[in-house]
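Here the structure comes first, spelled out in structure tokens, and everything after it is commentary.
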Amino acid sequence: MKMKKLTSLALSSALALSLSVPAFAVDVTDLTEGAEIEITGTTEVPTIKVVVPATGKVILNPYGMTVTPEGGSASTDQIISAPQFIQNASSIPIKVGYTVTGTTEGDVALVTTDPAASETAKQVHLQFTIAKQADDTATTITGTGQDVTTTAFVVNTTDAGAVELDKDGDTNAYAGFQLSGKATKNPDSVWTADDTIGATVAFTFAPNASTT
């Protein structure tokens, strides 16, 4: 019986040794030679995933009629656009930069102040507003509007000029944006369907992970 136990123990030890992973350790026997190892590195980078609308619409309503934009509520504003939303679907916070360029067709000029009541030329003061949101249900985006002209303006040159969004699932993982403004109400020549405005919005995205 004792021989069987010894045999069993020997087999168990042999099995344990066969399953072990070699550590490939280096024995240093000559202390004058020393030793060196090579440490390789990897970089952990996040995957940025953002949901952005493909297109948008804005309505020029110079005479202040009651208009209901697609996806919005009835309004008598002279510049009408329904709010649109960006969603940060990343696992880390991100910083959203943006550049806006205004466009016009017909006899329309974009200006940086509201047209005066006595203005006779067809002018539009177009503004772009963007702000972080808890979700995509807001009907109006509030905040400080940035003037849009026919040349691009860039507001992401400083941290204060970019919108910082929380990671997916946190409180403010959305950004809502909207166009608004004023237009000349009674120009010398009447407004026509050929007089239109628009804008191109270019977004940039960067990780905004906190350091520890």
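A donor-acceptor contact closer than 3.5 angstrom is absent between the side chains of Q78 and N61.
The backbone N or O of G106 sits nowhere less than 3.5 Å from a side-chain atom of D195 that would complete a donor-acceptor pair. The backbone N or O of S81 sits less than 3.5 Å from a side-chain atom of Q178, completing a donor-acceptor pair. Here the side chain of Q123 pairs no donor or acceptor atom with the backbone of T113 at under 3.5 angstrom. The backbone N or O of A183 sits nowhere less than 3.5 Å from a side-chain atom of K122 that would complete a donor-acceptor pair. At distances below 3.5 Å, not a single donor-acceptor pair connects side-chain atoms of T76 with backbone N or O atoms of G64.
A heavy-atom distance below 4.5 Å is not found between the side chains of Y174 and V51. Counting heavy atoms from C-beta on, the side chains of V163 and Y98 come closer than 4.5 Å. No side-chain heavy atom of T196 sits under 4.5 Å from any side-chain heavy atom of V108. Taking the side chain as every heavy atom from C-beta outward, I86 and F177 approach each other to under 4.5 Å. Put simply, the side chain of S91 does not reach to within 4.5 Å of the side chain of K167, judged on heavy atoms. With a 4.5 Å cut-off on side-chain heavy atoms, D168 and Q87 count as touching. Looking at I79 and D77, their side chains never come closer than 4.5 Å, going by heavy atoms from C-beta outward. Between P187 and E119 there is no side-chain heavy-atom pair separated by less than 4.5 Å.
Under the 4.5 Å side-chain heavy-atom criterion for grouping Ile, Leu, Val, Met, Phe, Trp and Tyr, I141 is not connected to I80 through any hydrophobic cluster. Note on V124: it clusters hydrophobically with F153, by side-chain heavy-atom contacts below 4.5 Å among ILVMFWY residues. Note on V96 and V52: same hydrophobic cluster, where clusters join Ile, Leu, Val, Met, Phe, Trp and Tyr whose side-chain heavy atoms are under 4.5 Å apart, directly or indirectly.
Within 6.0 Å of atom NZ in K182, 12 or fewer heavy atoms from other residues, nucleotides or ligands are found, so the atom counts as exposed in its surroundings.
Residues A121 and T184 approach most closely at O-OG1, 2.8 Å, considering heavy atoms.
Of the options L165, N88, I94, a side chain to side chain contact (heavy atoms under 4.5 Å, CB included) to F205 is made by I94 and by none of the others.
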